[in-house]
K.L.:
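First the structure, then my questions, so here it is.
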Amino acid sequence: MRIREIHVTPVAFRDPPLLNAAGVHEPWALRTIVEVVTDEGLTGLGETYGDLDHLVRVRAAAEALRGHDVYGDNAMYATVAALVGADVVTDLHGLTGTSSRAKTVDRIFSPFEVACLDIRGKAAGRPVVDLLGGRVRDAVPYSAYLFYKWGGHPGGPEDGFGAALDPEGVVEQARLLIGRYGFGSIKLKGGVFPPDQEIEAIRALREAFPEHPLRLDPNAVWSVETSIRVGRELDGLLEYLEDPTEGIEGMARVAAEVPMPLATNMCVVTPEHLPPALRAGAIGVLLTDHHYWGGLVRSAHIATLCATFGVALSMHSNSHLGISLAAMTHLAAATPAVTHACDTHTPWQDGQDVVAPGALRFADGAVPVPDGPGLGVELDRDALAIMNEQYEKCGVRSRDDTTYMRSVDPSFSARRPRW
């Protein structure tokens, strides 16, 4: 069964003003939807980033992959690698760690691999989770992903989530998300305010939610010394501390001095980072992300390596739609080593999606594996057309949290370390 054609559609959807170490989310988030169509008429779906540099290369890969066997992952990967050559695609926000050629190949290949797995599942009449080894859980737990945020974008109306700029606002946001989705664990995106203010937010969350595991992610804007101090002050409060400082060496120095495990989606982002991180004892938890680890199968391989060396797993998220949520759920459902609830931005999309309603839902903070073969989701063609039109009109072509923040606060700096 061979690839007859591939449709690549950029989309934009509204995003709240979520604050982070790089700045603040713009009013529009970008994604790219990939549809692979075979010579037998089966269609598979993939989803990836929407930044223009990435989109150009995804479109080039779509042309190069026509005619390939949908079962030929290795040949497709080699084709993408040859197409990329020595190119390196770099994110402006820098929140997913260093960029490299290998990471560029993996992130361009990923949506095509997911789409082909969707096709293989449909051809076999089996869900993707079965193609990854079979389910070890029927539903995948996700965490309440909290952000400091403004009440609305400057000059725009208040959104439905409200402001969260102090511990009280963060706790109210947690009540909203947990009340709506039933999440059983909580993650706070930090690196926005001085560390002592974020310590107080964690303490407020612990008081309000005494049974919920808590995590804090400052996206590597703390020095080693600050990270050690904060880690010690939060002894007994955190499930793990995510990327407090930059780099494997810095993380290893912190890990040796704090009581909780350190997690990362920034200092270990390709397979070549695993050996030095393991030797240094830099991490206890890896946040996988199939979007830049080369797809679902390659992510499953990394999960096996992590289990072998005693590294626990969670799953990283950035602003995504339902195709990605479905893929993440199938992968986590088939991966025994995923022992921490996964991250998801789904609540922040506030019902916006390109998949038809009904296949994906939250139940007690978890997403049941979708019914049906393949990913178990179908495109909502009308929604896709609307989001594509929004992309054409919105004027945003690359995510740039820092420049947007500086349009509001010209003095803002995204330097690391900041504290």
K.L.:
Could I get the full list of ring pair (Phe, Tyr, Trp, His ring centres under 6.0 Å) partners for Y391, not counting sequence neighbours?
P.N.:
none
K.L.:
Do NZ/NE/NH1/NH2 and the carboxylate oxygens of D51 and R397 come within less than 4.0 Å?
P.N.:
no
K.L.:
If you round to the nearest 0.5 Å, how far is CG of L286 from CZ of F309?
P.N.:
13.5 Å
K.L.:
For W348 together with F161, are the ring centres under 6.0 Å from each other?
P.N.:
yes
K.L.:
Let me confirm one number: the CG-CG distance from N219 to L95, rounded to the nearest 0.5 Å.
P.N.:
4.5 Å
K.L.:
Calculate, to the nearest 0.5 Å, the distance between atoms CG and NE2 belonging to D130 and H330 respectively.
P.N.:
9.0 Å
K.L.:
Could you check whether any side-chain heavy atom of L45 comes within less than 4.5 Å of a side-chain heavy atom of V114, counting everything from C-beta outward?
P.N.:
no
K.L.:
Does a side-chain heavy-atom distance below 4.5 Å link H93 with D400?
P.N.:
no
K.L.:
For the ring pair Y292 and H54, is the centre-to-centre distance below 6.0 Å?
P.N.:
no
K.L.:
Under 6.0 Å from the CG atom of N74, do we count more than 12 heavy atoms belonging to anything else shown?
P.N.:
no
K.L.:
Distance from L296 atom CG to L331 atom CG, nearest 0.5 Å?
P.N.:
5.5 Å
K.L.:
Less than 4.0 Å between a side-chain N and a carboxylate O, is that true for R4 and D39?
P.N.:
no
K.L.:
Salt bridge or not between R120 and D73? Use side-chain N to carboxylate O under 4.0 Å.
P.N.:
yes
K.L.:
Should R135 and D138 count as an ion pair when the cut-off is N to O under 4.0 Å?
P.N.:
yes
K.L.:
Could you verify whether a donor N or O on one side chain and an acceptor N or O on the other, from H345 and S317, lie under 3.5 Å apart?
P.N.:
yes
K.L.:
What's the shortest heavy-atom distance between A312 and T339, and which atoms?
P.N.:
CB-OG1, 3.8 Å
K.L.:
Could you tell me which residues satisfy side-chain contact (heavy atoms from CB on, under 4.5 Å) with R59, sequence neighbours excluded, listed by chain and number?
P.N.:
V8, P10, L55
K.L.:
Roughly how far, to the nearest 0.5 Å, is the CH2 atom of W28 from the NE2 atom of H153?
P.N.:
10.0 Å
K.L.:
Is it the case that the side chain of S100 and the backbone of K103 share a donor-acceptor pair, with hydrogens and angles ignored and the cut-off at 3.5 Å?
P.N.:
yes
K.L.:
Scan side-chain atoms only and decide if T264 and D243 contain a donor-acceptor pair under the 3.5 Å cut-off.
P.N.:
yes
K.L.:
Does either side chain, that of D401 or that of N20, offer a donor lying less than 3.5 Å from an acceptor on the other one?
P.N.:
yes
K.L.:
Looking at E239 and R215, is there a salt bridge between them, counting it only when a charged N and a carboxylate O are closer than 4.0 Å?
P.N.:
yes
K.L.:
Ignoring hydrogens and geometry beyond distance, is a side-chain donor-acceptor pair present between D91 and T96 at under 3.5 Å?
P.N.:
yes
K.L.:
Please tell me whether H316 and D343 have a donor and an acceptor in their side chains that are separated by less than 3.5 angstrom.
P.N.:
no
K.L.:
Please evaluate residues H7 and V34 with respect to the criterion side-chain contact (heavy atoms from CB on, under 4.5 Å), reporting the C-alpha separation (whole Å), side-chain torsions for both, the decisive distance (0.1 Å), and the verdict.
P.N.:
CA-CA 6 Å; H7 305 291; V34 170; over 6 Å; no
K.L.:
Given Y142 and M328, is the side-chain contact (heavy atoms from CB on, under 4.5 Å) satisfied, shown in steps?
P.N.:
CA-CA 10 Å; Y142 287 88; M328 293 163 65; 3.7 Å; yes
K.L.:
Could you list the residues that satisfy side-chain contact (heavy atoms from CB on, under 4.5 Å) with S407, not counting sequence neighbours?
P.N.:
Y404
K.L.:
Tell me, please, which residues at least two apart from E389 pass side-chain contact (heavy atoms from CB on, under 4.5 Å).
P.N.:
K393
K.L.:
Should K189 and F147 count as side-chain neighbours, where that means a heavy-atom distance under 4.5 Å?
P.N.:
yes
K.L.:
For R406 and F412, which heavy atoms make the closest approach, and how far apart are they?
P.N.:
NE-O, 3.0 Å
K.L.:
Less than 6.0 angstrom from the centroid, inside 45 degrees of the normal: does R175 satisfy that with respect to the ring of F209?
P.N.:
yes
K.L.:
Quick one: ring pair (Phe, Tyr, Trp, His ring centres under 6.0 Å) partners of F193, sequence neighbours excluded?
P.N.:
Y148
K.L.:
Examine the side chains of T43 and E35 and answer whether a donor and an acceptor come within less than 3.5 Å of each other.
P.N.:
no
K.L.:
Apply side-chain contact (heavy atoms from CB on, under 4.5 Å) to the pair V80 and L65, showing each step before the final yes or no.
P.N.:
CA-CA 8 Å; V80 171; L65 291 173; 4.3 Å; yes
K.L.:
Take W150 and V408 through the side-chain contact (heavy atoms from CB on, under 4.5 Å) test and state the conclusion after the steps.
P.N.:
CA-CA 12 Å; W150 301 327; V408 179; 4.0 Å; yes
K.L.:
Do the side chains of D87 and V84 get nearer than 4.5 Å, heavy atoms only?
P.N.:
yes
K.L.:
Does H340 have any ring pair (Phe, Tyr, Trp, His ring centres under 6.0 Å) partners at least two apart in sequence or in another chain, and if so, which?
P.N.:
Y240
K.L.:
If you draw a 6.0 Å radius around CZ in R14, do more than 12 non-hydrogen atoms from other residues or ligands fall strictly inside?
P.N.:
no
K.L.:
Quick one: do the Y77 and D106 side chains pair a donor with an acceptor below 3.5 Å?
P.N.:
yes
K.L.:
Any side-chain heavy atom of L216 sitting closer than 4.5 Å to one from E242?
P.N.:
no
K.L.:
Quick check: does any side chain N or O of E5 sit under 3.5 Å from a backbone N or O of R66, one acting as donor and the other as acceptor?
P.N.:
no
K.L.:
Quick one: pull up CD1 in I108 and CG in L83 and give me the separation to the nearest 0.5 Å.
P.N.:
7.0 Å
K.L.:
Taking Y49 as the fixed residue, which of H320, R399, R31 is the one that meets the side chain to side chain contact (heavy atoms under 4.5 Å, CB included) rule?
P.N.:
R31
K.L.:
Work out which heavy atom in A327 is nearest to a heavy atom in L375; give both atom names and the distance.
P.N.:
CA-CD2, 4.0 Å
K.L.:
State, without any angle test, whether T79 and H68 hold a side-chain donor-acceptor pair at a distance under 3.5 Å.
P.N.:
yes
K.L.:
Testing the basics here: between A337 and A303, what is the closest heavy-atom pair and its distance to 0.1 Å?
P.N.:
CB-O, 4.1 Å
K.L.:
Closest approach of P370 and L360, non-hydrogen atoms and distance?
P.N.:
CG-CD2, 3.7 Å
K.L.:
Search all heavy atoms of V89 against all heavy atoms of R107 and return the closest pair with its distance.
P.N.:
CG1-NH2, 4.1 Å
K.L.:
Side chains of T48 and H291: do they bring a donor and an acceptor to under 3.5 Å?
P.N.:
no
